[in-house]
Amino acid sequence: MPGDASTGTFLQGLDRGLAVIRAFSAEARSLTLSEVARSVGITPATARRILLTLEELGYVRSDNRRFSLTPRVLALGWAYLSSLDLGELAGPYMEDLSAKTRESCSIATLDLPDIVYVARVPTSRIMTVALGVGARLPAYPTSMGRVLLAGLPDDELTAYLDSLQAEPLTDRTITTADDLRTTITKARTDGYALVDQELELGLRSIAAPIHNSSGRVIAALNVSAHASRSTPTSLCEEFLPPLRAAAEQITTALTHRGHL
């Protein structure tokens, strides 16, 4: 911290170098040396040394007059992301998704025969069962479960369906192995799964897969809504685009951190 300068532990050069990086923004994508100096509050000579050092390290590029950041600065952010678990890493994307849809969203992983919740952003209580991190639900009647099952190799999916004793949780629940296989195969083809009141009457949800760096499905992200304020069509038209975007953002973050 700046207050540590008197103890000799504060590195002013590092502080100024980071300040120069922060001077760039969406509104200031490229800056002259004078503009950087003025923005950070340092002399042009100091700004020049810092910018040339950042350019040598690959964090900045220039056209001899204006400077701009390079994609290498993302490595600074990915270093932080690599220290996070899935729930922490996905948190900002889930908050944004929940704000856009005004509905609850969750992430789950597969632990057959169940899914396990690893992150959740609730907006209102729409289920009779309280859900939180660590909560488990059967995979077959849930949108996240079907997305995760769709990511299994065919032999593992067959073994799961052969051993499954599915119960009709509502009068809409798909329970036969053949029908479930058809539904799961469709989710694999479509890249998402929609469940309409199969887990609980009054509850609809739609889920998309999250992949690791090798393309394997390792988790699912969903948006859930009460049937009184949603339809299957509205889930596909209004919720699916931001849901897919969020799942892809989380996948990209996981890929850059080399997750799994």
Given side-chain contact (heavy atoms from CB on, under 4.5 Å), test Asp114 with Leu137 step by step and report yes or no.
CA-CA 5 Å; Asp114 300 328; Leu137 289 174; over 6 Å; no
Set out, in order, the CA-CA distance, both residues' side-chain angles and the distance that settles side-chain contact (heavy atoms from CB on, under 4.5 Å) for Ile174 and Arg146, then state yes or no.
CA-CA 11 Å; Ile174 297 174; Arg146 289 180 184 171; 3.9 Å; yes
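Contact check for Leu240 versus Leu235: no side-chain heavy atoms found under the 4.5 Å cut-off. Under the 4.5 Å side-chain criterion, counting only non-hydrogen atoms from C-beta, Arg204 is in contact with Pro232. Leu161 is not listed as a side-chain neighbour of Tyr140, based on a closest heavy-atom distance of 4.5 Å or more. When side chains are defined from C-beta on, Met94 counts as touching Ile107, because their heavy atoms get closer than 4.5 Å. Counting heavy atoms from C-beta on, the side chains of Thr252 and His211 never come closer than 4.5 Å. Using a 4.5 Å heavy-atom cutoff, the side chains of Thr32 and Phe67 are not in contact. A heavy-atom distance below 4.5 Å is not found between the side chains of Gln197 and Leu203. Residues Ile206 and Tyr192 form a side-chain contact, since some pair of their non-hydrogen atoms from C-beta on lies under 4.5 Å apart.
Residue Leu254 comes nearest to Leu89 through the heavy atom pair CD2-CD1, 4.3 Å, listed as atom of the first residue, atom of the second, then distance. Of all the heavy atoms in Ala207 and Asn222, the pair that sits closest is CB-CB, 3.7 Å. The shortest heavy-atom contact between Cys236 and Leu194 is SG-CD1, 3.6 Å. Residues Tyr93 and Ala253 approach most closely at OH-CB, 4.1 Å, considering heavy atoms. Residue Leu221 comes nearest to Ala247 through the heavy atom pair CD2-N, 3.7 Å, listed as atom of the first residue, atom of the second, then distance. Across Val195 and Pro141, no two heavy atoms sit closer than the pair CG1-O, 3.4 Å.
For residues 159-187, every residue pair satisfying the salt bridge (Lys or Arg N to Asp or Glu O under 4.0 Å) rule, not counting sequence neighbours, is listed here: Arg172-Asp196, Lys186-Asp190. The salt bridge (Lys or Arg N to Asp or Glu O under 4.0 Å) analysis of residues 238-248, with sequence neighbours excluded, yields no pairs.
The residue from Ile210, Val217, Val116 that alone fulfils the side-chain contact (heavy atoms from CB on, under 4.5 Å) condition with Thr109 is Val116.
A distance of 12.0 Å separates CZ in Arg16 from CG in Leu14, rounded to the nearest 0.5 Å. Note that OG1 of Thr142 and CG of Leu148 are 7.5 Å apart. Values are rounded to the nearest 0.5 Å. In this structure, CZ in Phe239 is found 6.5 Å from OG in Ser230, a value given to the nearest 0.5 Å.
For Ser34, there are no side-chain hydrogen bond (donor to acceptor under 3.5 Å, both in side chains) partners at least two apart in sequence or on another chain. Residues that satisfy the side-chain hydrogen bond (donor to acceptor under 3.5 Å, both in side chains) test with Asp154, not counting sequence neighbours, are Arg188. With sequence neighbours excluded, no residue satisfies side-chain hydrogen bond (donor to acceptor under 3.5 Å, both in side chains) with Thr182.
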Could you list the donor-acceptor pairs under 3.5 angstrom formed between side-chain atoms of residues 48-55 and any protein atom two or more places apart in sequence or on another chain?
| from | atom 1 | to | atom 2 | distance (Å) |
| --- | --- | --- | --- | --- |
| Arg49 | NH2 | Thr46 | OG1 | 3.4 |
| Thr53 | OG1 | Arg49 | O | 2.8 |
| Glu55 | OE2 | Ser62 | OG | 3.0 |

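No more than 12 heavy-atom neighbours from other residues, nucleotides or ligands sit within 6.0 angstrom of CZ on Arg102.
For the 3.5 Å distance criterion, the side chains of Ser143 and Ser205 qualify, holding a donor opposite an acceptor.
Without hydrogens or angle criteria, Ser39 side chain to Val36 main chain gives no donor-acceptor distance under 3.5 Å.
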